[in-house]
K.L.:
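Could you have a look at this structure, given as structure tokens, before my questions?
Below, chains carry the letters A, B, ... as their sequence lines are ordered, and counting in each starts from 1.
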Amino acid sequence: MTVTQREGTLRVATPAALSARARAEVAQSVARIFAIETDLSPFYNALADNDPLHWARGGAGRMLASPSVLEDLVKTLCSTNCAFSATRRMIAALVQLGGGAFPTAEMLRDAGAQTLIDDVRMGYRARSLFEVAERVCDGELDLESLRAAGGAREEAVAETLGSLHGFGPYAVAHAMQLLGFHRPLILDSWTRPTYVQLLGKRSRSDAAIRRDFARYGAYAGLAFWLTLTKDWVPG
DNA sequence: CGTCCAGGTCTAC
DNA sequence: GGTAGACCTGGACGC
């Protein structure tokens, strides 16, 4: 499957023709991957002409996400306390567990925590992932309802995510960005030094960093991310 | 071959 | 409320 952009429209090409049902599923997945329902116009409109992020009005700021919230949370969990190469290895192992696609909550639960340890080699993260999978299967946790585009409340989402084992401040902030809540700053061992270097300073506390972006209000976390990744944007 | 630690978090003081 | 110590794993290092 390939996705191309032309004249403000995303076009999806598949190797073979799809049924109407499959087309709808692909369309929904692509929409979620590119956060189509996220409306960034309040952020863009609030940027003054002399704002250092004024360039973002060209359309920057969409976070690439996964088709499902579960997948985003698992990927986030697998990014904690390890090198990015390890994150990718764990995700690849999970996809193998899923038979070539990302596994469902049922598949993760049925696999069992020990398989997550022995085969996926997730280490102590296996417990956290298994607990989430179990709660989703039990109907106790409705992850898809946490999307901003679905009308979820920011405070409630932060509380729910924070209550999950293995989800501390970094993981919650990261997951919330992917869910369409752009306030929390993703503070980790990459963003902190990157920002400090950008500032040309020797160090800066988390509190000071938050103060630097407080004026962006509900988009503070997005503003922080855009500041760090400006050189990722072509042109 | 041992030590360190990377896109952190939890627990126990 | 703040902070050591432990925690799986596997690359990257020093010796």
Side-chain angles (χ1 to χ4, degrees), chain A residues 33 35 60-66 69-98 102-103 108-109 111-135 141 143 146 157-199 201 203-213 220-233:
Chain A
I33 289 169
R62 256 163 232 294
M63 304 301 236
L64 202 62
S66 302
V69 175
L70 175 69
E71 186 171 336
D72 275 335
L73 294 191
V74 173
K75 285 172 173 172
T76 299
L77 184 64
C78 290
S79 73
T80 59
N81 194 28
C82 64
F84 193 54
S85 59
T87 301
R88 296 171 60 162
R89 185 196 54 72
M90 285 183 259
I91 301 305
L94 284 169
V95 168
Q96 192 164 16
L97 185 70
F102 199 86
L108 293 170
R109 178 200 55 186
Q114 201 56 46
T115 295
L116 298 177
I117 293 172
D118 297 338
D119 295 354
V120 182
R121 303 198 68 71
M122 294 181 66
Y124 66 87
R125 299 170 196 78
R127 175 190 159 192
S128 306
L129 171 50
F130 185 69
E131 279 184 16
V132 169
E134 259 191 327
R135 291 178 60 183
L141 190 58
L143 295 181
L146 300 179
V157 172
E159 194 181 326
T160 299
L161 293 176
S163 74
L164 301 176
H165 188 270
F167 284 78
Y170 153 79
V172 169
H174 189 272
M176 286 193 75
Q177 288 293 331
L178 299 181
L179 285 166
F181 296 100
H182 302 291
R183 189 189 308 273
L185 275 64
I186 300 174
L187 292 163
D188 61 29
S189 63
W190 179 74
T191 59
R192 287 190 184 96
T194 300
Y195 182 61
V196 167
Q197 187 177 20
L198 218 57
L199 237 44
K201 300 206 172 201
S203 70
R204 195 149 183 81
S205 71
D206 288 357
I209 297 176
R210 288 203 177 84
R211 255 181 274 125
D212 293 343
F213 290 88
L222 181 61
F224 179 52
W225 188 254
L226 287 171
T227 299
L228 299 176
T229 61
K230 184 185 180 189
D231 61 350
W232 295 5
V233 180

K.L.:
Between atom CZ of A:R62 and atom CG of A:L222, what is the distance when rounded to the nearest 0.5 Å?
P.N.:
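Nearest 0.5 Å value for the CZ-CG distance: 10.0 Å.
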K.L.:
Both A:S85 and A:R125 contact DNA chain C. Taking the nearest nucleotide for each, which residue is further toward the 5' end?
P.N.:
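So the residue in question is A:R125.
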K.L.:
Between A:P184 and A:A173, what is the shortest heavy-atom contact and its length?
P.N.:
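Looks like CB-CB, 3.9 Å.
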K.L.:
Nearest whole angstrom, please: distance from the C1' of B:dG7 to the CE of A:M63.
P.N.:
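A:M63 atom CE is separated from B:dG7 atom C1' by 13 Å.
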K.L.:
Between A:D119 (CG) and C:dT9 (C1'), how many Å, whole number?
P.N.:
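The answer, rounded to whole Å, is 15 Å.
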K.L.:
Between P on C:dG10 and CE on A:M90, what's the gap in Å once rounded to a whole number?
P.N.:
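Nearest whole value for this atom pair: 9 Å.
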K.L.:
What's the separation between atom CG in A:L73 and atom OG in A:S128, rounded to the nearest 0.5 Å?
P.N.:
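If I round to the nearest 0.5 Å, the distance is 11.5 Å.
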K.L.:
Please tell me which of A:G166 and A:C82 maps to the more 5' nucleotide of DNA chain B, matching each residue to the nucleotide holding its nearest heavy atom.
P.N.:
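So the residue in question is A:C82.
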K.L.:
Could you please name the option among B:dT9, B:dG7, C:dC7 that lies closest to any side-chain atom of A:A171?
P.N.:
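When the side chain of A:A171 is considered, B:dT9 is the closest of B:dT9, B:dG7, C:dC7.
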K.L.:
What do the steps show when you test A:E131 against A:R135 for salt bridge (Lys or Arg N to Asp or Glu O under 4.0 Å), and what is the final call?
P.N.:
CA-CA 6 Å; A:E131 279 184 16; A:R135 291 178 60 183; over 6 Å; no
K.L.:
Could you measure between the two C1' atoms, the one in B:dT9 and the one in C:dG11, and give it in whole Å?
P.N.:
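Per the computed distance, 22 Å lies between those C1' atoms.
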K.L.:
In whole angstrom, what separates A:R89's CZ from C:dA12's P?
P.N.:
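Spelled out: CZ on A:R89 to P on C:dA12 is 14 Å.
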K.L.:
Considering all heavy atoms of both residues, which atom of A:C78 and which atom of A:M90 are nearest to each other, and what is their separation?
P.N.:
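Answer, listing the atom of A:C78 first, then A:M90: O-CE, 3.6 Å.
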K.L.:
When you get a sec, tell me which of B:dT9, B:dG7, C:dC8 is the closest nucleotide to the side chain of A:T80?
P.N.:
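Nearest to the side chain of A:T80 among the choices is B:dT9.
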K.L.:
What is the distance, rounded to the nearest whole Å, between atom CD1 of A:I117 and atom C1' of C:dC7?
P.N.:
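Taking atom C1' of C:dC7 as the reference, CD1 of A:I117 is at 12 Å.
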K.L.:
Please work out if A:L164 contacts a base, only the sugar-phosphate, or nothing of the nucleic acid, heavy-atom cut-off 4.0 Å.
P.N.:
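Touches sugar-phosphate only.
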K.L.:
Start at the 5' end of DNA chain B and walk down; is the nucleotide closest to A:H165 or to A:A83 reached first?
P.N.:
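Whichever sits nearer the 5' end wins; that is A:A83.
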K.L.:
List in numerical order all residues of residues 205-213 of chain A for which some heavy atom is under 4.0 Å away from an atom belonging to DNA chain C.
P.N.:
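Within this stretch, nothing sits under 4.0 Å of the strand.
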K.L.:
Measure OH/A:Y170 against C1'/B:dA6 and give the value in whole Å, please.
P.N.:
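Nearest whole value for this atom pair: 11 Å.
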K.L.:
Rounded to whole angstroms, how far apart are OH on A:Y195 and P on B:dG7?
P.N.:
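Roughly 21 Å, once rounded to whole Å.
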K.L.:
Mind checking who B:dG7 pairs with, Watson-Crick or G-U wobble, both distances under 3.5 Å?
P.N.:
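B:dG7 is unpaired by these criteria.
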K.L.:
Using atom C1' in both nucleotides, what's the gap between B:dG7 and B:dT11 to the nearest angstrom?
P.N.:
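One C1' to the other, the span is 23 Å.
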K.L.:
Taking B:dT3 as the reference, what is the distance to C:dA6 when you measure between their P atoms (whole Å, please)?
P.N.:
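14 Å, rounded to whole Å.
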K.L.:
With the side chain of A:D188 defined as its heavy atoms from C-beta on, choose the nearest nucleotide among C:dC8, B:dG8, B:dT11.
P.N.:
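So the side chain of A:D188 is nearest to B:dG8.
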K.L.:
Under a 3.5 Å cutoff, is there a donor and acceptor pairing between the side chains of A:T191 and A:D188?
P.N.:
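Yes, A:D188 and A:T191 have a side-chain donor paired with an acceptor closer than 3.5 Å.
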K.L.:
Output the rounded distance in Å from CG (A:N81) to C1' (B:dC4).
P.N.:
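Going from CG in A:N81 over to C1' in B:dC4 covers 12 Å.
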K.L.:
Distance check, P atoms only: B:dC10 and C:dG10, in whole angstrom units.
P.N.:
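Comparing P positions in B:dC10 and C:dG10 gives a spacing of 23 Å.
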K.L.:
Looking only at the side chain of A:W225 (C-beta and beyond, no hydrogens), which of the listed nucleotides B:dT11, B:dG7, B:dG8 gets closest?
P.N.:
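Minimum distance to the A:W225 side chain belongs to B:dG7.
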K.L.:
Is the closest side-chain heavy-atom distance between A:V74 and A:V132 below 4.5 Å?
P.N.:
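A side-chain contact is absent here, since even the closest heavy-atom pair is not under 4.5 Å.
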K.L.:
Give me the atom names and distance for the closest heavy-atom approach of A:A171 to A:T80.
P.N.:
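Looking at all heavy atoms of both residues, the shortest contact is CB-CG2, 4.4 Å.
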